[in-house]
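Right, one structure below, let's go through it.
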There are 2 protein chains.
Amino acid sequence: MDNVKELKVMLKEKGYKLTPQRRAVLNIIMENPGKHLTTEEIYDLVKVQCPDIGLATVYRTLQILDEMDLIMKINLDDGCSRYEYNVHQDDHEHHHLICTNCGKIMEVNEDLLDSIEAQIEKDYDFTITDHKVKFFGLCSTCR
Amino acid sequence: MDNVKELKVMLKEKGYKLTPQRRAVLNIIMENPGKHLTTEEIYDLVKVQCPDIGLATVYRTLQILDEMDLIMKINLDDGCSRYEYNVHQDDHEHHHLICTNCGKIMEVNEDLLDSIEAQIEKDYDFTITDHKVKFFGLCSTCR
DNA sequence: TCTCATTTAATAATCTTTTTCAAATTCTTC
DNA sequence: GAAGAATTTGAAAAAGATTATTAAATGAGA
């Protein structure tokens with residue numbers, strides 16, 4: 001997502017229009033790699049550039065950016081949705097390490113599940129298209 | 001969890017009392033293995049035996065049963081919490097296969113992550129205590 | 001049985017997310 | 001660049017899940 005024109009084309013393919021609000025929301029997410037921003041955090045950050053934006057617009061925009069695979073929705077079981085920029089533009093999200101003591105979130109960038117997925121597809125007659133994996137435990141600081 | 005006496009002892013260890021409502025909620029979950037019941041579904045089923053139970057009591061009971069590792073909370077990203085009986089009484093839940101077409105949920109009973117976890121613990125200096133794994137895709141019927 | 005802390009049902013409150021709707025904006029066509 | 005049709009927006013209300021409050025009821029030990 002280098003420029004605005006590209007975003008405009010992608011939106012148009014789905015029948016959506018390019019608005020300053022949509023541009024601002026995507027910008028905020030792209031400017032915060034690895035941050036796992038909550039909707040509320042995104043709303044607060046977007047309001048700096050876009051003071052009149054409504055929370056509902058942020059929710060709506062996050063939905064369509066997720067649908068377009070530009071961003072990824074993350075559920076960390078803490079009661080709110082989080083989002084991050086989908087760098088690889090694929091539909092396999094990376095895995096997350098979540099420290100149950102301090103709440104720090106780390107990312108596992110390698111995709112280690114390939115052999116396991118092949119095994120499951122065979123054993124369970126199931127075609128896997130995506131996965132979500134979270135590891136809970138203690139980070140080096142908290143241990 | 002064979003009998004009431006055992007539940008009573010386990011509750012007492014945490015300073016809780018045994019009530020008919022708590023017994024009924026656990027019974028419903030034990031009677032529906034592999035069903036991934038939502039809180040609302042549990043509420044409806046419990047009301048058969050326990051017509052006056054309040055929804056808040058179901059929520060509270062599910063919390064303490066989860067805390068006691070008697071049941072397991074499952075988040076399938078569909079906007080509500082689900083629960084199932086923790087057969088193995090350990091803190092590692094099994095993995096879930098979720099059909100994105102029909103919504104069917106299957107379980108992967110083997111724990112296939114051991115070698116991956118060892119790798120991550122070494123690479124990321126992180127002590128893993130639990131994991132949550134969901135595979136999304138198409139079941140044999142929908143494919 | 002008595003006592004006291006816990007638990008309950010009902011209700012209100014909270015929190016996140018979605019819907020509604022009139023006004024504003026985008027994009028296409030001229 | 002203006003006009004028109006459809007989409008999008010902000011504000012507020014609504015919805016849905018979960019939690020907190022509170023007086024009354026109940027459980028468990030003495």
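All heavy atoms count here, side chains included; hydrogens, waters and symmetry mates do not. Just so it is clear: chains get the letters A, B, ... in the order the sequence lines come, proteins before strands, and each one is counted from 1.
- In this structure, Thr39(B) does not reach the dA17(D) phosphate: none of its side-chain N or O atoms is under 4.0 Å from OP1 or OP2.
- Rounded to whole Å, atom C1' of dA10(C) lies 13 Å from atom NZ of Lys47(B).
- OP1 or OP2 of dT18(D) has at least one side-chain nitrogen or oxygen of Tyr59(B) nearer than 4.0 Å.
- The distance from atom CD1 of Ile64(A) to atom C1' of dT7(D) is 11 Å, rounded to the nearest whole Å.
- One interatomic measurement links the two molecules: CG of Leu55(A) to P of dT18(C), which rounds to 10 Å at whole-angstrom precision.
- Look at Gln21(B) and you'll find a side-chain N or O under 4.0 angstrom from OP1 or OP2 of dA9(C).
- One can place CG of Asp78(A) at 15 Å from C1' of dT18(D), the figure rounded to the nearest angstrom.
- Checked against dT11(C), dT17(C), dA11(D), the side chain of Ser81(A) finds its nearest nucleotide in dT17(C).
- Distance alone, capped at 3.5 Å, places no donor-acceptor pair between the Arg22(A) side chain and the Leu62(A) backbone.
- For the helix from dT1(C)-dA30(D) to dC30(C)-dG1(D), the rotation axes defined at the first and last 5 base pairs enclose an angle of 40°, given to the nearest 10°.
- For the pair Arg22(A) and dT26(C), the criterion of a side-chain N or O lying under 4.0 Å from OP1 or OP2 is not met.
- Taking 4.0 angstrom as the limit, Gln63(A) places none of its side-chain polar atoms (N or O) nearer than this to OP1 or OP2 of dT17(C).
- When each of dT18(C), dG10(D), dT11(C) is scored by its nearest atom to the side-chain atoms of Ile53(A), the top-ranked nucleotide is dG10(D).
- For the pair Leu7(A) CG and dC27(C) P, the computed distance is 10 Å after rounding to whole Å.
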Readout for nucleotides 22-30 of chain D: B = base within 4.0 Å of protein heavy atom, S = sugar-phosphate only, - = neither; 5' to 3' it is -----BSS-
